[in-house]
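Chain letters run A, B, ... following the sequence lines, proteins first and then strands; every chain starts at 1.
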Amino acid sequence: MRRDEAALLKKLYELLDDGTGWEEWWPADSDFERVVGSILIQRTRWENVDRAIAALNKEGLLTPRALASCPSGRLEELIRPAGFYRQKAARLRAVAGYFSRSGAGSIPTEKLREELLSLPGVGNETADVIMLYVAGRPRFVLDAYAKRILKCAGIMDDHDELQALARKALCDDLEAHRRCHALIVEHGKRYCNKNECEMCLVKRYLG
DNA sequence: CTCCAGGAGTGTA
DNA sequence: TACACTCATGGA
């Protein structure tokens, strides 16, 4: 990390922090429900994901064992509101199978990440979301909003370098990493359009 | 009617 | 490495 981009990232984090509530930013009754959510949320609004999760919950499928053994057709039917339902049904069955025999508790961070990435439908972003919200490992989630905001702030967006940068800026603190992700997404939804950033606070204060 | 949301996988140049 | 394309529902 050349210059002091960690200080800049820390400043960005503090800038986005408006002091409003964020603890229940990702509501869920269990860790596995968050895993399910991490797959269903891909390229989809939370409102639709919530319907799919509610349907799964109603059928008692929010456990790794139950979900892994649910027939594909039935699963597709239940998660349809979340879109891409054929792909996502297959992905859910795969991650459910993994968590039904793994638990992912005491696995070293790097190895856990590798295992998650080996699952179909789990890419860099989803893997980091699971690491951050389920496995309890501090990770910087490089989603589309983060890429735009980092660009505005003049911070590099290399996936691996960014992890070291974030851990330094956020003092290796788990809650800070979770909060940082939530703040970036919420800021992005409000102020970051596809190409324009007219209202962008980041550019105004850090650019 | 059009646009697109808290991606990932695959194929092409 | 850098894009283009596909997957799909539901709300604005």
### Task
Begin from the C-alpha positions of Arg137(A) and Thr109(A) and carry the test side chain to side chain donor-acceptor pair (under 3.5 Å) through to its verdict.
CA-CA 7 Å; Arg137(A) 322 288 170 102; Thr109(A) 296; 3.0 Å; yes
### Message
For Phe140(A) and His181(A): C-alpha separation, side-chain torsions, deciding distance, then whether ring pair (Phe, Tyr, Trp, His ring centres under 6.0 Å) applies.
### Response
CA-CA 7 Å; Phe140(A) 184 93; His181(A) 174 229; 8.3 Å; no
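Among the heavy atoms of the strands lying under 4.0 Å from Arg80(A) are primed sugar atoms or P, OP1, OP2 only; no base atom is included. Across all strands, Leu119(A) comes closer than 4.0 Å only to sugar-phosphate atoms, never to a base (heavy-atom distances). The residue Val141(A) sits apart from the nucleic acid: no heavy atom pair falls under 4.0 Å. Counting non-hydrogen atoms under 4.0 angstrom, Gln87(A) reaches a base of the nucleic acid.
Comparing the P positions of dC4(B) and dA4(C) gives an interatomic distance of 15 Å, to the nearest angstrom. On the P atoms, dT10(B) is 14 Å away from dA8(C), given to the nearest whole Å.
For Arg86(A), whose side chain is taken as the heavy atoms from C-beta onward, the closest listed nucleotide among dA8(C), dA8(B), dG11(C) is dA8(C). The His181(A) side chain lies nearest to dG6(B) when the options are dG10(C), dC7(C), dG6(B). Distance from the side chain of Lys189(A) is smallest for dG6(B) among the nucleotides dG6(B), dG11(C), dG7(B). When distances are taken from the side chain of Tyr145(A) to each of dG10(C), dG6(B), dG7(B), the shortest belongs to dG6(B).
We find that Glu76(A) and Lys88(A) are not joined by a salt bridge, their nearest charged nitrogen and carboxylate oxygen being 4.0 Å or further apart. Salt bridge Lys111(A)/Glu114(A): absent, no basic N to carboxylate O contact under 4.0 Å.
Considering Leu61(A), Leu92(A), Leu56(A) as possible partners of Cys70(A), the one that fulfils the side chain to side chain contact (heavy atoms under 4.5 Å, CB included) test is Leu61(A).
Residue Thr126(A) places at least one side-chain N or O closer than 4.0 Å to OP1 or OP2 of dA8(B). For the OP1/OP2 pair of dA8(C) and a distance below 4.0 Å, the side-chain nitrogens and oxygens of Tyr85(A) include no atom meeting the criterion. Here Arg43(A) does not reach the OP1 or OP2 of dG6(B): none of its side-chain N or O atoms lies under 4.0 Å away.
Summarising the base pairing, dT10(B) is matched to dA4(C) through a Watson-Crick or G-U wobble pair whose two defining distances lie under 3.5 Å.
Atom OH of Tyr191(A) and atom C1' of dA5(B) are 19 Å apart (whole Å). Rounded to an integer number of Å, the gap from Leu142(A) CG to dG7(B) P is 11 Å.
For the pair Arg45(A) and Arg91(A), nearest-nucleotide mapping onto DNA chain C gives the more 5' position to Arg91(A).
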